[in-house]
Amino acid sequence: MSTPTIQSLEAIPVIVPMSVPHKTASATITESPLVLINLRLDDGCVGHAMLFTYTPAALSSVTELVRNLEAMVAGQLLAPKIRTETLHDRFKLLGTQGIVGMALAGLDMAMWDAHCRSSQQSLVSALGGVVQPVKAYGSIGFDGVEGSRDAASELIEAGFTAFKAKIGYDSVVDDLAVVEAMREVAGESVDIMVDYNQSLTPTEAIERVRVLDSMGLVWVEEPTLAHDYEGHARISASVETPIQCGENWWGPLDFQHAVSASASDYVMPDVMKIGGITGWTKAAAIAETANLPVSSHLWPEVSARLLCCTRTAHYLEYADWWNPVLQRPIQIENGCAVVDDSPGSGILWDDDAVTHFRVDT
């Protein structure tokens, strides 16, 4: 079978309201600004991917940058890994983090999806993995004691056997009260994680996590600045609860630097920031070499499939932030994400919803 050629690249900006605003220690997210990507091949197949810009202020820039990439790939043979690495070389002087990294990752994900659809195989099969259920946890925002207790109850009713809450309140007493409220609802059989969203200094983090050490938490996430690898390593060495980091590391090189510094006990790459599917496979190999458990950040449809191909897979983070524009959002059963072997990476648009949420940029 001949290799198809990339024909065109389309980027569609949409803003999807969240069903429940998501609060963190630093901000409240009420909507998902997304760039939806369609990569068309000359054999008629279309690959899909999406980018989350966090703020509408970046939506126009990311959309335009993705569109500008068309001239660099149109007419070329579809070869996701090679195309991605060539583009990273071309942007080396500008840098491949921030919105440049986002655009390149989105194109990479769309190319992999197109490759799988054209060859009629799932992403899991294409990467040599095994389709299987993936342990998943639900997310709770910066919702205080009562709000976190209520959210924990709802997640348990929805079938989750693990969840993560945002903390970083005025004092560790408040943090502890939130964890105790969730544990009261969940019992000892449910896994609980917490996320400080980079809100503490290393010294503050050590003091607070030592108080939380008795709560049986699976991990404490990003207690200090994401790229303070030495600070995170100091925290990890000073507390009993495992430290989790990785969602804000840009590309395999950041990942390698962090792992070399022993920045965390667990890692959780974000497929958009780590460099798309190509970047994830490189990061997963680094993690396997270091025997580090790998969880995911956001992107549950794609991430679940990637975790099926990750030797040290740990947990999938579930979020429904862009479910309205998807034909088949991933489902949770018995605490696990259900992964199927249909062609592609799990992304298909609900065209009516895309039209409804589309915005001008």
Side-chain angles (χ1 to χ4, degrees), residues 8-24 26-40 46-74 84 87-88 91 94-113 139 141 197-198 226 247-251 269-277 279 297-303 317 319-327 329 345-361:
S8 64
L9 181 64
E10 179 184 28
I12 303 171
V14 301
I15 295 181
V16 180
M18 290 187 179
S19 57
V20 178
H22 191 71
K23 300 177 183 177
T24 74
S26 58
T28 298
I29 304 172
T30 61
E31 56 191 8
S32 297
L34 306 169
V35 181
L36 311 185
I37 300 172
N38 296 316
L39 182 84
R40 290 181 171 80
V46 181
H48 309 295
M50 74 175 87
L51 300 172
F52 175 49
T53 69
Y54 289 85
T55 170
L59 187 58
S60 177
S61 298
V62 176
T63 301
E64 190 63 24
L65 184 51
V66 172
R67 289 170 178 167
N68 289 342
L69 294 178
E70 181 183 54
M72 300 183 185
V73 296
T84 291
L87 285 169
H88 273 261
F91 281 94
L94 177 60
T96 54
Q97 299 182 342
I99 64 172
V100 173
M102 292 164 64
L104 295 178
L107 176 56
D108 179 85
M109 287 187 276
M111 287 191 293
W112 275 104
D113 189 59
S139 291
N197 282 120
Q198 309 180 67
E247 69 177 74
N248 289 301
W249 297 341
W250 287 94
D270 175 297
V271 66
M272 179 181 76
K273 294 182 180 178
I274 205 65
I277 291 164
H297 179 251
L298 297 180
W299 319 102
E301 286 73 25
V302 178
S303 296
E317 180 177 47
D320 63 359
W321 294 359
W322 31 80
N323 282 10
V325 296
L326 297 178
Q327 274 190 34
S345 62
I347 303 296
L348 280 173
W349 310 132
D350 179 325
D351 292 331
D352 290 339
V354 171
T355 298
H356 177 72
F357 293 116
R358 184 167 185 159
V359 296
D360 294 325
T361 59

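A quick note: this is a predicted structure, and the numbers were derived from the prediction, not measured. All residue numbers in this chain count up from 1 along the given sequence. Below, all heavy atoms of this structure are taken into account, side chains as well, without hydrogens, waters or symmetry copies.
- Looking at Met102 and Trp250, their side chains come closer than 4.5 Å, going by heavy atoms from C-beta outward.
- For the pair Phe357 and Leu34, the minimum side-chain heavy-atom distance is 4.5 Å or more.
- A donor-acceptor contact shorter than 3.5 Å links the side chain of Arg67 to the backbone of Ala11.
- Across every non-hydrogen atom of Thr63 and Pro13, the tightest pair is OG1-CB, 3.6 Å.
- Ser32 is listed as a side-chain neighbour of Phe52, based on a closest heavy-atom distance under 4.5 Å.
- No side-chain heavy atom of Val66 sits less than 4.5 Å from a side-chain heavy atom of Leu107.
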*Could you check Leu36 against Met50 for side chain to side chain contact (heavy atoms under 4.5 Å, CB included), going step by step and ending with a plain yes or no?*
CA-CA 4 Å; Leu36 311 185; Met50 74 175 87; 3.9 Å; yes
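- Applying the side-chain contact (heavy atoms from CB on, under 4.5 Å) criterion to Val20, with sequence neighbours excluded, gives no partner residue.
- The main-chain N or O of Trp349 is found under 3.5 Å from a side-chain atom of Gln327 such that the two form a donor-acceptor pair.
- Distance check: Glu317 CD to Ser139 OG gives 4.0 Å after rounding to the nearest 0.5 Å.
- Annotation for Pro21 and Thr28: closest pair CB-CG2, 4.0 Å, computed over non-hydrogen atoms.
- Between the CG atom in Asp113 and the CG atom in Leu39 there is a gap of 9.0 Å [rounded to 0.5 Å].
- Between atom CD1 of residue Ile29 and atom CE of residue Met18 there is a gap of 5.0 Å, rounded to the nearest 0.5 Å.
- Classified by interplanar angle (parallel below 30°, tilted 30° to 60°, perpendicular above 60°), the ring pair Trp322/Trp299 is parallel.
- Tested against Glu31, the residues Thr55, Val16, Ile15 include a single side chain to side chain contact (heavy atoms under 4.5 Å, CB included) partner, Ile15.
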*asked:* Using the rule given for side chain to side chain contact (heavy atoms under 4.5 Å, CB included), can you reason through Trp321 versus Leu298, listing the C-alpha separation, both sets of side-chain angles and the distance that settles it, and then say yes or no?
replied: CA-CA 9 Å; Trp321 294 359; Leu298 297 180; 3.9 Å; yes
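- Annotation for Gly275 and Ala105: closest pair C-CB, 3.9 Å, computed over non-hydrogen atoms.
- Side-chain contact check for Thr53 versus Met272: every heavy-atom pair is 4.5 Å or farther apart.
- Taking each heavy atom of Ala110 and Ala49 in turn, the nearest pair found is N-CB, 3.5 Å.
- Shown here for His48 and Ser345, the closest heavy-atom pair between the two residues is O-OG, 4.2 Å.
- Under a 3.5 Å cut-off, the side chain of Thr84 and the backbone N or O of Asp108 do not form any donor-acceptor pair.
- Met109 places none of its side-chain heavy atoms less than 4.5 Å from the side chain of Ile37.
- Looking only at side-chain heavy atoms (C-beta outward), Asp270 and Asn248 stay at 4.5 Å or farther from each other.
- In terms of modelled atom types and a separation under 3.5 Å, the side chain of Glu70 and the main chain of Leu9 share a donor-acceptor contact.
- Closest heavy-atom contact between Ser19 and Asp320: OG-OD2, 3.8 Å.
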